[in-house]
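See below for the structure under consideration.
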There are 2 protein chains.
Amino acid sequence: MEKSKKQIIKEASAKLFRKKGFNATSMQDIAAAVGIKAASLYNHIGSKQELLKELLFNIANAFTSGMNDIEASTLSNIEKLEALIDLHVDLTITYRDSIALITGEWVHLEEPDLKNYLKLRTQYEAQFLNILSACKKSKHIDKNTNIELALYSILSSLHWLYSWYNKNKGVSKIELAKQLKVTLLKGVII
Amino acid sequence: MEKSKKQIIKEASAKLFRKKGFNATSMQDIAAAVGIKAASLYNHIGSKQELLKELLFNIANAFTSGMNDIEASTLSNIEKLEALIDLHVDLTITYRDSIALITGEWVHLEEPDLKNYLKLRTQYEAQFLNILSACKKSKHIDKNTNIELALYSILSSLHWLYSWYNKNKGVSKIELAKQLKVTLLKGVII
DNA sequence: GTCTATAGGCTGATAGAC
DNA sequence: GTCTATCAGCCTATAGAC
């Protein structure tokens with residue numbers, strides 16, 4: 001199946017939004033990247049805002065879906081944590097450019113999309129925290145550990161994975177996931 | 001000593017740049033926040049770009065200075081790592097709003113500032129990596145650990161600390177630093 | 001040091017020819 | 001489905017009165 005023109009435009013937008021930011025990217029920039037004039041873009045898309053919205057919700061839905069699968073699985077709590085790291089590695093590699101938008105560009109969503117996006121994100125974080133909480137209950141995490149801080153710390157690293165991955169393309173997906181599990185879960189110092 | 005008007009403008013800008021992004025913040029927004037008209041801003045500052053530049057280099061220089069002090073100290077390698085976490089916690093609390101700009105808004109710097117900014121950042125990361133490398137050599141970090149990935153992971157968490165700190169103001173600086181050292185260095189799982 | 005007025009440029013989006 | 005032409009609005013920054 002061939003890529004639709006809309007898909008080509010979305011991918012070019014993701015690359016530009018990532019590099020220059022949503023506001024600093026003009027419709028002319030996007031049009032130039034796909035080889036047409038700015039006015040012609042509107043035969044394929046409704047607005048610049050629509051581009052941002054679709055890119056962000058594609059990613060958010062993929063995370064939600066992956067999280068739900070993991071939550072419903074019969075994996076142990078620790079295995080669920082590991083599966084979440086695999087999920088982030090997978091999506092980082094699959095979505096490359098557009099995943100970069102989740103760290104900052106979502107603020108440019110307009111309502112009601114912004115509210116809906118944040119709802120998905122909050123829900124995701126709550127599910128993640130639940131798994132950490134279960135690990136604490138089953139004594140796999142120390143009772144004195146602040147799991148809210150641990151959650152934030154793990155997610156920060158996973159969200160910024162794309163920036164590291166682009167500089168280290170030599171590392172295989174499997175090796176990357178393995179090393180991340182050690183670093184994020186078991187720590188650095190012996 | 002009273003705050004200069006320029007300082008007030010810089011602080012208002014930091015807050016707005018953080019919330020809406022550099023490009024989405026207009027001079028009118030900044031002027032309104034300090035209670036004057038946009039044109040009057042130019043009695044105190046040269047340009048919008050100058051605001052961004054000064055905010056970012058204030059932070060970058062503080063990090064560079066702190067890193068150099070730690071590097072030149074007689075602390076052990078592990079203690080240096082802990083001191084770096086203290087440094088990030090300190091600067092996050094001291095600079096609150098403007099520190100948020102280092103995660104994304106630096107891309108809007110113009111040359112040659114952009115190049116100089118990235119030089120400071122690269123240098124900082126190299127010094128950080130050196131300390132991790134020394135820990136590996138002294139067997140405080142396992143020989144199979146990928147310290148580049150560990151560096152990236154630790155820095156991601158520390159860079160995003162401001163977003164967590166703002167939601168958890170109840171936590172004291174000392175307690176925060178202590179918990180971060182556990183989470184980032186010794187890991188989450190027992 | 002503030003204001004009003006305005007220059008000059010860029011923006012997202014539309015209209016209509018082909 | 002592409003183009004040219006254009007609109008209406010916003011932007012940063014400057015000029016000059018007070």
Side-chain angles (χ1 to χ4, degrees), chain A residues 1-57 98 101 104-114, chain B residues 1-57 98 101 104-114:
Chain A
M1 198 181 70
E2 217 168 315
K3 270 185 204 172
S4 70
K5 194 107 189 194
K6 177 163 184 179
Q7 188 56 31
I8 293 170
I9 291 169
K10 281 173 71 172
E11 288 173 13
S13 302
K15 211 164 266 184
L16 286 163
F17 291 166
R18 170 183 181 169
K19 189 179 164 197
K20 321 200 333 172
F22 177 74
N23 271 283
T25 301
S26 69
M27 296 307 276
Q28 283 204 46
D29 293 333
I30 299 171
V34 301
I36 56 176
K37 297 289 173 182
S40 307
L41 289 172
Y42 293 89
N43 284 310
H44 307 280
I45 61 155
S47 67
K48 189 185 176 188
Q49 179 69 208
E50 179 195 289
L51 282 171
L52 180 66
K53 172 183 168 177
E54 293 192 6
L55 288 169
L56 279 169
F57 277 89
S98 55
L101 308 179
E105 300 304 314
W106 58 267
V107 301
H108 300 112
L109 282 174
E110 292 170 359
E111 298 291 5
D113 298 325
L114 179 59
Chain B
M1 198 181 70
E2 216 168 316
K3 269 184 205 173
S4 69
K5 193 107 188 189
K6 176 162 185 179
Q7 189 57 32
I8 293 170
I9 291 169
K10 280 172 72 172
E11 288 173 13
S13 303
K15 210 163 267 184
L16 286 163
F17 291 166
R18 172 187 180 167
K19 189 179 162 197
K20 320 198 337 172
F22 177 73
N23 271 285
T25 301
S26 70
M27 298 306 277
Q28 283 204 46
D29 293 333
I30 299 171
V34 301
I36 57 176
K37 296 289 174 182
S40 306
L41 289 172
Y42 293 90
N43 284 310
H44 308 281
I45 61 156
S47 66
K48 189 185 175 187
Q49 179 71 207
E50 180 196 289
L51 282 170
L52 180 65
K53 172 184 169 178
E54 293 192 7
L55 289 169
L56 279 170
F57 277 90
S98 56
L101 308 180
E105 300 305 314
W106 58 267
V107 302
H108 299 113
L109 282 174
E110 292 169 359
E111 298 293 4
D113 298 323
L114 179 58

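Keep in mind it's a predicted model, so treat the numbers as computed, not measured. Side chains included, hydrogens not; waters and symmetry mates left out as well; all remaining heavy atoms used. Here is how names work: the chains are called A, B, and so on, in the same order as the sequence lines, proteins then strands, and each is numbered from 1.
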task = For A/G46 and for A/Q28, find the nucleotide of DNA chain C with the closest heavy atom, then tell me which residue's nucleotide is more 5'.
result = A/Q28
query = Distance from A/N23 atom CG to A/K48 atom NZ, nearest 0.5 Å?
reply = 5.5 Å
d(CG, B/D29; C1', D/dT12) in whole Å = 13 Å
task = Nearest whole angstrom, please: distance from the C1' of C/dC3 to the NZ of B/K5.
result = 13 Å
inquiry  = What is the separation between atom CD on B/E50 and atom P on D/dT12, rounded to the nearest whole Å?
reply    = 15 Å
task = State, to 0.1 Å, how close B/L55 and B/S98 come at their nearest heavy-atom pair, and which atoms those are.
result = CD2-CB, 4.0 Å
request  = Choose from D/dT4, D/dA13, C/dC3 the nucleotide whose nearest atom is closest to any side-chain atom of A/K37.
outcome  = D/dT4
ask   = When the ring planes of A/F22 and A/H108 are compared, do they come out parallel, tilted or perpendicular, using 30° and 60° as the limits?
value = parallel
inquiry  = With a cut-off of less than 4.0 Å, is there a side-chain N or O of B/S40 near OP1 or OP2 of C/dC3?
reply    = yes
note = Of the candidates D/dG1, D/dC3, C/dC3, the side chain of A/H44 sits closest to D/dG1
message = Measuring from the side chain of A/A39 (C-beta onward, heavy atoms only), which nucleotide among C/dC3, D/dT4, D/dT14 has the closest atom?
response = D/dT4
task = Quickly work out the A/Y42 OH to D/dC3 P distance and round it to whole Å.
result = 14 Å
query = Sub-3.5 Å donor-acceptor pair from the side chain of B/E110 to the main-chain atoms of B/Q49, do we have one?
reply = no
remark   = Taking every heavy atom of A/K53 against every heavy atom of A/L109, the minimum-distance pair comes out as CA-CD2, 3.7 Å
task = Kindly say if B/K48 contacts the phosphate of D/dT12, meaning a side-chain N or O under 4.0 Å from OP1 or OP2.
result = yes
query = CD of A/Q49 versus C1' of C/dT11: gap in Å, rounded?
reply = 15 Å
message = Distance check needed: D/dC3 P versus A/M27 CE, whole Å only.
response = 14 Å
note = To the nearest angstrom, the CD1-C1' distance between B/I36 and D/dC18 comes to 17 Å
note = Separation of C/dG1 atom C1' from B/I45 atom CD1, nearest Å, is 14 Å
